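All remarks here apply to the structure that follows.
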Amino acid sequence: MISGSLIDRLLTNLSTTCTVLYQKQLPRGKNCSCTEIMKMGTAMIYDEEMTKYKLLWVDPVCKIEVPERLTVSHEALMESGLADRCVSVPVREATDADILLVHSEEYLEAVKKTPYMTLEDLKEFTLKYGDVYFHPNIYHCAKLAAGAALQLVDSVMTGKVRNGMALVRPPGHHSMRSAANGFCVFNNVAIAARYAKQKYGLKRVLIVDWDVHHGQGVQYCFEEDPSVLYFSWHRYEHQKFWPHLPESDYDSVGKDKGAGFNVNVPWNKVGMKNSDYLSVFCHVLLPVAYEFCPDLVLVCAGFDSAIGDPEGEMCASPDIFAHLTHLLMNLAGGKLCAVLEGGYNLTSLPQSVCQTVQTLLGDPAPSPASLHGPCESALESLHCVRAAHKQYWSCLKHAAELPTSEISTKRIKLAEEEESTEKGEEEKSSKEQVWPEPPKRVTPPIRTAVVLPDGVACPDGCERFSSSEDPDAGIVRNLRENFLRDADDDAALTTLSSLIALIEKMEKNEICSGLALVRDVSMAMMCAVQHAATALSRRVLVVCVGDVVVPSADTEDGKTLVVQFSNKESDEQKCKYSIPVCLKKGCSDVSGFMQAVLGLLLPLGYEYDPSLVVLVRMPDSGLCDSVWQQLTGLLQGLAQGHTLVLMQEGEKTCVAPTASSLLGDAAPPLGQLHAPLPEHVEALERLRLRLQADWKLLQTTAPGTG
Ligand code: SS9
Ligand code: ZN
């Protein structure tokens with residue numbers, strides 16, 4: 001409930017224009033300043049005009065690039081109610097000056113003539129380029145597509161919104177300085193990156209290209225530029241797949257000053273799944289991106305990497321894009337611009353677009369479907385990419401060397417596969433993919449509930465929680481018998497019953513996340529975990545930072561997975577479900593800690609797939625707020641955002657930053673990371689190698705190549 005006085009304060013705090021423009025963005029039903037509101041919005045950019053060109057002749061290669069790609073995506077956003085929750089930003093035409101940031105004058109002048117060409121002239125012009133078609137209206141649309149990307153950058157950089165997505169045609173990532181290519185005319189995202197650097201003085205821009213094709217146009221544009229980090233994964237099949245370039249392979253790492261700032265992950269098999277994608281994020285992209293520390297993230301958001309796409313032939317489900325998006329949302333203070341590229345299955349495309357936009361809006365991600373670890377071919381790619389980049393990134397310094405059979409992974413395999421193509425071909429043409437529609441993501445009415453001692457104010461946007469009903473007599477008896485030493489400690493009993501009630505509401509999806517300040521963190525943790533794991537029979541991921549007595553008895557059955565970060569050398573790990581992560585010199589080694597979070601905790605968490613995360617912070621954790629917020633934010637990708645944070649009563653100053661992360665705000669950037677302490681790297685690597693027999697998502701090398 002919003003109280004009268006809160007509404008009054010709200011109205012005084014907001015200027016009239018701001019109220020009118022951003023009303024629907026009001027994130028929390030609480031008083032917040034304009035900046036707060038703007039921090040929360042998501043822009044959506046779309047203009048029907050971009051559906052007004054199409055292929056005018058017969059061409060089997062180009063026939064999949066149809067106007068309906070845009071209309072079905074837009075309709076899905078409207079029908080799901082997501083469009084209404086976005087700030088709608090108009091497109092504009094990119095100017096000549098904008099286009100010339102990336103393209104040559106000759107090329108621009110040539111494209112400028114296309115609106116006046118006859119059909120025959122258009123066909124002839126088209127033949128100069130690969131896998132693309134022209135139409136009298138495509139120049140106009142290409143200017144709008146690039147302009148849409150620039151409008152999105154402006155909206156994010158001026159703080160009008162936190163993030164956003166542009167639905168555009170034609171796509172951009174294949175077009176080069178002086179050439180159209182692969183359905184692309186102007187390189188929308190490359191232009192946006194140059195523009196953002198120039199107009200806003202950005203030092204570092206990250207481009208994540210999750211389209212299933214290699215954006216060679218983007219690569220060429222920034223190859224020598226260390227201020228733009230380009231990451232692309234793409235169907236490659238040892239160069240057998242379009243655009244058949246040797247420079248799409250893992251060993252194209254950038255040139256001269258830009259060496260290390262081009263990251264290619266070739267997929268050498270079709271059928272890659274959620275595990276393969278997540279594994280590359282955890283073990284390559286995220287560590288490198290955190291070390292790079294971008295001021296802005298641009299996504300070449302192509303959805304031909306989703307299941308059902310005729311080009312990609314991959315098997316990742318549409319809801320994987322919720323996770324890919326989420327995992328990028330704590331970089332650059334949340335400044336993320338997604339620009340549509342490919343996506344040719346008119347069912348999986350709109351589903352994937354909705355997953356992306358809903359995540360940008362801040363809704364918790366759905367639980368990822370069964371993750372069984374990456375396939376052998378993906379592991380081989382992962383291994384090669386990490387090896388190729390180990391000299392450039394300290395987070396990869398410890399990565400395994402290139403497989404000794406390096407040459408063979410490139411060449412002999414190609415020959416081998418050529419032999420077997422024919423039977424493979426038959427197989428694939430006969431089966432049409434089917435997959436379930438992603439379930440509707442229902443966001444609980446209450447985002448974050450807090451259990452706080454009387455003197456501590458409830459943070460903006462949270463709801464103070466205390467169990468209204470009297471706790472169940474059985475629960476009270478259990479609490480008194482097992483947890484409360486002092487039989488009449490009523491305050492403690494109240495807190496613990498509140499925690500239990502809170503967990504039950506999270507289980508019923510009435511509340512998303514919770515935060516509690518408690519007198520005895522260990523006791524609260526045991527009580528919470530016991531209730532969730534035993535009474536509710538849920539899988540609980542327990543993440544402890546700092547020294548806390550962790551329950552060990554209950555871990556063996558797999559109902560809980562305990563990951564404990566501490567600086568105390570603990571005895572050998574007891575079982576697969578109890579994992580001590582020792583950072584001897586403490587968590588103040590931010591790089592070492594992040595390495596553990598990205599390369600160890602996230603993959604473990606994803607593979608374990610908990611329905612609740614209990615995150616425990618001890619006063620001696622040694623973590624600064626921004627690292628803690630990164631941890632809290634990243635963990636929201638698990639258990640549909642059901643995280644219960646427990647902190648010691650004294651840690652009052654930590655309440656606001658924690659609440660902010662649970663509410664879905666982006667964590668502040670950590671700055672460019674330095675090398676982690678070598679002894680931490682060694683310890684983490686040893687642990688990862690030991691655990692990867694039990695946890696497949698921890699693997700980074702293919703069997704037989706390590
Ligand atoms: C290979 C032909 C590829 C070009 C595809 C361009 C996609 C842009 N089957 N044709 S995202
Ligand atoms: Zn593509």
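Atom set for the values below is all heavy atoms of this structure, side chains included, hydrogens, waters and symmetry mates excluded. Every number for a ligand or one of its atoms is a count from 1 in the order of the listing. Values in this document were obtained by computation on a predicted structure and should not be read as measured data.
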Contacting atoms of ligand 1, where contact means under 4.0 angstrom from a heavy atom of [X]:
| X | result |
| --- | --- |
| Gly342 | 11 (S) |
| Gly182 | 6 (C), 8 (C) |
| Asp304 | 11 (S) |
| Phe183 | 5 (C), 6 (C), 7 (C), 8 (C) |
| His174 | 7 (C), 8 (C), 11 (S) |

Check your understanding: Among protein heavy atoms, which lies nearest atom 9 (N) of ligand 1, and at what distance?
Key ->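 Atom 9 (N) of ligand 1 sits closest to the protein heavy atom Glu311 OE2, 3.1 Å.
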Exercise for review: For atom 11 (S) of ligand 1, find the nearest protein heavy atom and state the residue, atom name and distance (0.1 Å precision).
Suggested key: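 Checking every protein heavy atom, the shortest distance to atom 11 (S) of ligand 1 gives Tyr344 OH, 3.1 Å.
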Point to revise | Atom nearest to the Zn ion (ligand 2) - Asp304, N, O or S atoms considered | key: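 The Zn ion (ligand 2) is closest to the Asp304 atom OD2, counting only N, O or S.
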Practice item. Compute whether any side-chain donor of one residue and acceptor of the other, for Arg69 and Thr51, lie under 3.5 angstrom apart. Key: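 Absent: no donor and acceptor within the cut-off.
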**Study point:** Asn264 and His214: side chain donor to acceptor below 3.5 Å
**Key:**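 Their side chains do contain a donor-acceptor pair, which is all the 3.5 Å distance test asks for.
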**Study point:** Among Glu311, His234, Arg235, side-chain hydrogen bond (donor to acceptor under 3.5 Å, both in side chains) partner for His213
**Key:**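 It is Glu311, the one option of Glu311, His234, Arg235 that forms the side-chain hydrogen bond (donor to acceptor under 3.5 Å, both in side chains) with His213.
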Review point. Can you name the nearest heavy-atom pair linking Asp319 to Pro366, along with the distance?
Key: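 Looks like CB-CG, 3.8 Å.
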Practice item. Please determine if Asp131 has a nitrogen or oxygen closer than 3.5 Å to a nitrogen or oxygen of ligand 1. Key: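 By distance alone, the answer is yes.
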Point to revise | Heavy atom of His173, distance to ligand 1 below 4.0 Å | key: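 Contact check His173 vs ligand 1: positive.
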Practice item. Report the relative orientation of the aromatic rings in Phe321 and Trp210; use parallel for angles under 30°, tilted for 30 to 60°, perpendicular for over 60°. Key: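 Plane angle between 30° and 60°, so tilted.
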Check your understanding: What class does the angle between the rings of His103 and Tyr107 fall in, given that below 30° is parallel, 30 to 60° is tilted and above 60° is perpendicular?
Key ->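 Judged by the thresholds at 30° and 60°, the geometry between His103 and Tyr107 is tilted.
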Exercise for review: Please work out whether any backbone atom (N, CA, C, O) or any side-chain heavy atom from C-beta onward of Val212 is under 4.0 Å from ligand 1, and answer side chain, backbone, both or neither.
Suggested key: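 Under 4.0 Å from ligand 1, Val212 contributes no heavy atoms.
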Exercise for review: Side-chain contact test, heavy atoms from C-beta onward, threshold under 4.5 Å: evaluate it for Arg204 versus Leu229 and give yes or no.
Suggested key: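 They are not in contact (no side-chain heavy atoms under 4.5 Å apart), so the answer is no.
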**Study point:** Student check: side-chain heavy atoms of Thr95 and Lys143 closer than 4.5 Å
**Key:**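 In short, these two side chains do not touch, never coming nearer than 4.5 Å.
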Check your understanding: How open is the angle at the Zn ion (ligand 2) from atom ND1 of His213 over to atom OD2 of Asp211, rounded to 10 degrees?
Key ->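 If I round to 10°, I get 160°.
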